[in-house]
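See structure below.
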Protein chains: 2
Amino acid sequence: MKGLGELERSIMDILWAENVPLTAREVGRLIEDRDLAPTTVMTVLDRLSRKGFLTRTRDGRAWRYQPAASRDAYVAELMLEALDMTGDRDAALTRFARAVSGSEAEILLKALTELEEE
Amino acid sequence: MKGLGELERSIMDILWAENVPLTAREVGRLIEDRDLAPTTVMTVLDRLSRKGFLTRTRDGRAWRYQPAASRDAYVAELMLEALDMTGDRDAALTRFARAVSGSEAEILLKALTELEEE
DNA sequence: GGGTAGTACTACGTCTTGTAGAGAGGTGAG
DNA sequence: CTCACCTCTCTACAAGACGTAGTACTACCC
């Protein structure tokens, strides 16, 4: 799936945070801290949609962009991808399980047991 | 932590598979399929150790390289890193739990319950 | 002492990412 | 109508990562 650059991720974060599709201009306004040229934002949005992270729909002349998948889905997919990289998935999973902190272990446990019940 | 390139990963795979520290020459011999110049292998090994993925010790004039961490540890770290990227770790974890296949869910479950017992 | 192996340093092409300008075409204000 | 402006698309460029490798120097074996 490939990772995102820093600016790309900032922009994805904005789009993930807002729940409505935004135009390039709106995204640009939300970045503030960095003083980016409007075309910079447009370029990055364009690249992101080309890479499949965003979908876009017309709104007059402008495009409105929105994430193709939720951040959770993206994160989960990254995790699975990391997992695919190992020859010994079980060992990696075990190690991962041991590494997550207590409260998160419980979340995981809960999700897993709910799965079993279904 | 940053990811690895394709050749870098092939080489890490070799070093993870063999359990002994290898010299550049030995690694090169194990790649076969690609017809790489010896210096290519050396360069990549050098970069990998510079990035902290490998440690090396002298053996005569040659260096012997070995992974700084196990593959499992690397994979688990990648997974945790992905997890850190989200604002809502719980949601991502839940989604992840639902995404792992049955047998793997059991591995996870087992590791987690063992944790609790300790 | 010449071939061989090994090192360090340097290099170059390609791809990705951050960053942005140029030019085209529509649109509202006056 | 005309001008200023918005937004788009296209193109560009610098920096860094990676794959790939040559060169030059050293040390060892026979």
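Residue numbering restarts at 1 for every chain, and letters A, B, ... go by the order of the sequence lines.
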Touch class at under 4.0 angstrom, heavy-atom based, for A:Gly28 against every strand present: nothing

Starting at [atom1] of [X] and ending at [atom2] of [N], how long is that distance when rounded to a whole Å?
| X | N | atom1 | atom2 | result |
| --- | --- | --- | --- | --- |
| B:Glu26 | C:dA5 | CD | P | 13 Å |
| B:Glu6 | C:dT16 | CD | P | 13 Å |
| A:Arg47 | C:dT19 | CZ | P | 11 Å |
| B:Arg29 | C:dG6 | CZ | P | 8 Å |
| A:Leu36 | C:dT19 | CG | C1' | 8 Å |
| B:Leu45 | D:dA21 | CG | P | 15 Å |
| A:Leu48 | C:dT17 | CG | C1' | 11 Å |

Looking only at atom types and distance, does a side-chain atom of A:Arg58 sit under 3.5 Å from a main-chain N or O of A:Arg61, one as donor and one as acceptor? yes

Side-chain donor/acceptor of A:Ser49 to backbone N/O of A:Asp46, under 3.5 Å: yes

Can you give me the N/O atom pairs linking the protein to nucleotides 4-10 of chain D at distances under 3.5 Å, or say none if there are none?
| from | atom 1 | to | atom 2 | distance (Å) |
| --- | --- | --- | --- | --- |
| D:dT7 | OP2 | A:Arg25 | NE | 2.1 |
| D:dT7 | OP2 | A:Arg25 | NH2 | 3.0 |
| D:dC8 | OP1 | A:Trp63 | N | 2.9 |
| D:dT9 | OP1 | A:Arg56 | NH2 | 3.4 |
| D:dT9 | OP1 | A:Trp63 | NE1 | 3.0 |

Counting neighbours of [atom1] on [X] that are heavy atoms of other residues, nucleotides or ligands and sit closer than 6.0 Å, is the number greater than 12?
| X | atom1 | value |
| --- | --- | --- |
| A:Arg50 | CZ | no |
| B:Lys110 | NZ | no |
| A:Asp35 | CG | no |

Give me the one residue out of B:Thr23, B:Thr57, B:Thr55, B:Asp59 that meets side-chain hydrogen bond (donor to acceptor under 3.5 Å, both in side chains) with B:Arg64. B:Asp59

Sidechain N-carboxylate O distance under 4.0 Å for A:Arg47, A:Glu8: no

Between C:dT17 and A:Lys51, is there an OP1 or OP2 to side-chain N/O distance shorter than 4.0 Å? yes

Contacts table for residues 66-73 of chain B: side-chain donor-acceptor under 3.5 angstrom, sequence neighbours left out:
| from | atom 1 | to | atom 2 | distance (Å) |
| --- | --- | --- | --- | --- |
| B:Ser70 | OG | B:Ala73 | N | 3.0 |
| B:Arg71 | NH1 | B:Asp13 | OD1 | 2.6 |

Contact list for DNA chain C against residues 8-18 of chain A - heavy-atom distance below 4.0 Å: A:Glu8

